[in-house]
Protein chains: 2
Amino acid sequence: MKEKVIPDIIVARLPIYLLALQHMMRDGRQVTSSQELGEKLGISSAQIRKDLSQFGEFGKQGTGYNIPYLADEIRKILKLDRIWDIVLVGAGDIGRAIAGYQGFYDRGFQVVMIFDNDFEKVGTALHSLVVQDVTYMGDIVRQAGIKVAMIAVPAAEAQHVAEQLVEAGVRAILNYAPIALHLPPEVRVENFDPLIHLQKMTYYL
Amino acid sequence: MKEKVIPDIIVARLPIYLLALQHMMRDGRQVTSSQELGEKLGISSAQIRKDLSQFGEFGKQGTGYNIPYLADEIRKILKLDRIWDIVLVGAGDIGRAIAGYQGFYDRGFQVVMIFDNDFEKVGTALHSLVVQDVTYMGDIVRQAGIKVAMIAVPAAEAQHVAEQLVEAGVRAILNYAPIALHLPPEVRVENFDPLIHLQKMTYYL
DNA sequence: TAGATTGTTAATCGATTAACAATC
DNA sequence: TAGATTGTTAATCGATTAACAATC
């Protein structure tokens with residue numbers, strides 16, 4: 001039995017749909033349509049229906065989609081029907097902001113450990129977590145079975161840190177360092193660099 | 001005379017090329033090829049050549065591309081041959097991290113003012129800038145002629161803040177709030193939400 | 001000259017949209 | 001029933017890749 005391969009670009013839109021559905025839920029809404037969702041997101045209704053149809057039939061003709069139900073289904077598809085533990089590497093400005101960010105848990109994640117290589121920072125508290133020595137990161141991460149990491153270290157150190165994480169069993173990395181990581185293809189990497197986004201907007205100014 | 005319209009997706013790759021070229025420059029490299037660049041970035045050499053050819057002829061057969069020259073040309077294309085002033089709205093954890101980030105200037109930007117609506121924060125210093133009252137934001141931003149903004153306020157306030165910025169002349173917004181903004185089409189918006197990226201990786205775990 | 005690599009064309013591949021039968 | 005909206009097919013549109021003549 002062959003699992004149908006879903007294009008990356010479709011998977012990448014699901015979190016956006018989910019976020020919009022969650023906003024609607026907070027507004028007390030019960031049902032929506034592909035058209036309404038599309039207007040909110042600047043995506044055609046046909047595309048939304050086609051994307052969702054890759055994973056099943058979640059709507060009802062004439063009515064649309066039940067919002068809490070569709071949100072639940074998308075969470076299941078994305079494996080967000082659980083809380084993923086995250087290891088954060090880097091306790092500088094960015095690391096501190098990440099550690100203090102309150103929005104993870106509601107959307108399926110929690111930062112459970114922080115590492116740094118700076119002796120000044122190791123042992124200090126960062127928003128309820130104690131910064132640990134990166135020397136011992138590999139064993140601790142493997143032991144904890146953590147699969148998701150965020151890297152917030154200087155560009156020069158990011159590749160090395162990423163390799164250690166992969167070696168320790170991490171399979172998804174959100175990389176804040178402005179550098180392209182080279183990792184085995186089974187490891188997912190997303191680059192998260194504000195400058196890249198700013199730089200692509202100035203073209204149009 | 002009609003300007004050729006360049007697809008968004010090509011413009012979006014230029015900052016990535018530029019970043020790789022800057023890394024090569026720091027390593028003292030003088031020339032590269034579309035193939036080498038492609039390997040570093042996980043992009044086909046044909047695509048890199050085709051992308052660049054939209055804007056001119058920057059390479060030399062048999063040799064490749066002169067790195068500092070190509071970097072300069074890409075900077076010109078993206079209008080990064082100057083420093084863009086940025087207004088930052090929101091002085092919470094994220095705003096503080098942004099204000100403290102050292103990497104803007106080298107890549108064409110600088111945060112020149114910060115606003116918040118919290119009386120406790122207004123008047124306090126944040127990495128060499130004083131937090132100003134958001135009440136007066138419109139006039140100050142318009143006066144300064146600022147075209148680029150970063151929004152790091154709670155989701156519920158982001159739309160309102162964005163509208164004020166647009167009204168004040170801002171034409172490019174990097175939005176850290178997890179919500180889709182609705183703005184006139186001439187305003188560029190990039191959403192910058194770590195959860196969206198994390199959520200699209202868990203599908204593959 | 002021989003080898004390397006560009007810029008570009010044509011072919012392929014994949015994603016988006018339009019349209020509509022099915023049906024709630 | 002009449003109106004609305006889904007899921008899906010076929011058509012369109014756009015992006016990527018392969019290949020190669022030009023040329024450094």
Side-chain angles (χ1 to χ4, degrees), chain A residues 2-18 20-21 24 29-74 77 185 200 203, chain B residues 2-18 20-21 24 29-74 77 185 200 203:
Chain A
K2 253 199 317 217
E3 284 246 354
K4 184 175 43 170
V5 174
I6 310 287
D8 266 24
I9 198 164
I10 292 181
V11 175
R13 278 192 293 263
L14 295 185
I16 298 168
Y17 299 161
L18 179 58
L21 292 168
M24 289 178 182
R29 303 281 314 284
Q30 273 297 317
V31 294
T32 186
S33 64
S34 58
Q35 182 165 6
E36 188 193 34
L37 208 43
E39 276 165 17
K40 282 206 194 293
L41 297 172
I43 293 175
S44 80
S45 63
Q47 180 156 88
I48 290 176
R49 291 198 302 278
K50 189 141 213 286
D51 285 354
L52 295 176
S53 75
Q54 304 294 311
F55 302 97
E57 307 194 355
F58 305 118
K60 203 176 276 187
Q61 285 103 324
T63 313
Y65 300 91
N66 178 288
I67 294 171
Y69 172 71
L70 181 57
D72 258 354
E73 290 298 315
I74 293 178
I77 293 165
K200 75 192 193 203
Y203 174 79
Chain B
K2 251 197 322 213
E3 283 246 353
K4 183 174 45 168
V5 174
I6 310 288
D8 266 23
I9 198 163
I10 291 180
V11 175
R13 277 193 293 264
L14 295 185
I16 298 169
Y17 300 162
L18 178 58
L21 291 167
M24 290 178 181
R29 304 280 314 286
Q30 274 297 317
V31 293
T32 187
S33 63
S34 58
Q35 181 165 7
E36 187 193 34
L37 207 44
E39 276 165 17
K40 282 205 196 293
L41 297 173
I43 292 174
S44 81
S45 64
Q47 179 154 89
I48 290 175
R49 292 197 302 279
K50 189 143 213 286
D51 285 353
L52 295 175
S53 75
Q54 303 294 313
F55 303 96
E57 307 195 355
F58 306 117
K60 201 176 277 184
Q61 285 103 324
T63 311
Y65 300 91
N66 178 288
I67 294 171
Y69 172 72
L70 181 57
D72 258 354
E73 290 298 315
I74 293 178
I77 294 164
K200 75 193 195 203
Y203 173 79

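Here is the naming used below: chain letters follow the sequence lines, and residue numbers restart at 1 for every chain. For clarity, every value in this text was computed on a predicted model and none was experimentally measured.
- The separation between B:Ile43 atom CD1 and D:dT17 atom P is 10 Å, rounded to whole Å.
- Within the 4.5 Å cutoff, the side chain of B:Leu21 has no heavy atoms near those of the B:Tyr65 side chain.
- In this structure, D:dA4 and C:dT23 make a Watson-Crick or G-U wobble pair, each of the two defining distances being under 3.5 angstrom.
- In this structure, the side chains of A:Tyr17 and A:Ile43 come closer than 4.5 Å at one or more pairs of heavy atoms.
- Using a 4.5 Å heavy-atom cutoff, the side chains of B:Asn66 and B:Gln30 are in contact.
- Annotation: side chain of B:Ile77 is not in contact with side chain of B:Val11 (no heavy-atom distance under 4.5 Å).
- Residue B:Ile48 contributes atom CD1, which lies 11 Å from atom P of D:dT17 at whole-angstrom precision.
- Considering A:Asp72, A:Leu37, A:Thr32 as possible partners of A:Ile67, the one that fulfils the side-chain contact (heavy atoms from CB on, under 4.5 Å) test is A:Thr32.
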**Request:** If a protein heavy atom is under 4.0 Å from the base, mark B; if only from the sugar-phosphate, S; if neither, -; do that for nucleotides 2-10 of chain D going 5' to 3'.
**Result:** --BBBBBB-

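- The separation between B:Ile9 atom CD1 and D:dT16 atom C1' is 10 Å, rounded to whole Å.
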**Message:** Please evaluate residues A:Phe55 and A:Ile6 with respect to the criterion side-chain contact (heavy atoms from CB on, under 4.5 Å), reporting the C-alpha separation (whole Å), side-chain torsions for both, the decisive distance (0.1 Å), and the verdict.
**Reply:** CA-CA 9 Å; A:Phe55 302 97; A:Ile6 310 287; 3.6 Å; yes

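- Remark: C:dA15 base-pairs with D:dT12. Criterion, Watson-Crick or G-U wobble with two distances under 3.5 Å.
- A straight line from CD of B:Gln47 to C1' of D:dG14 spans 12 Å, rounded to a whole angstrom.
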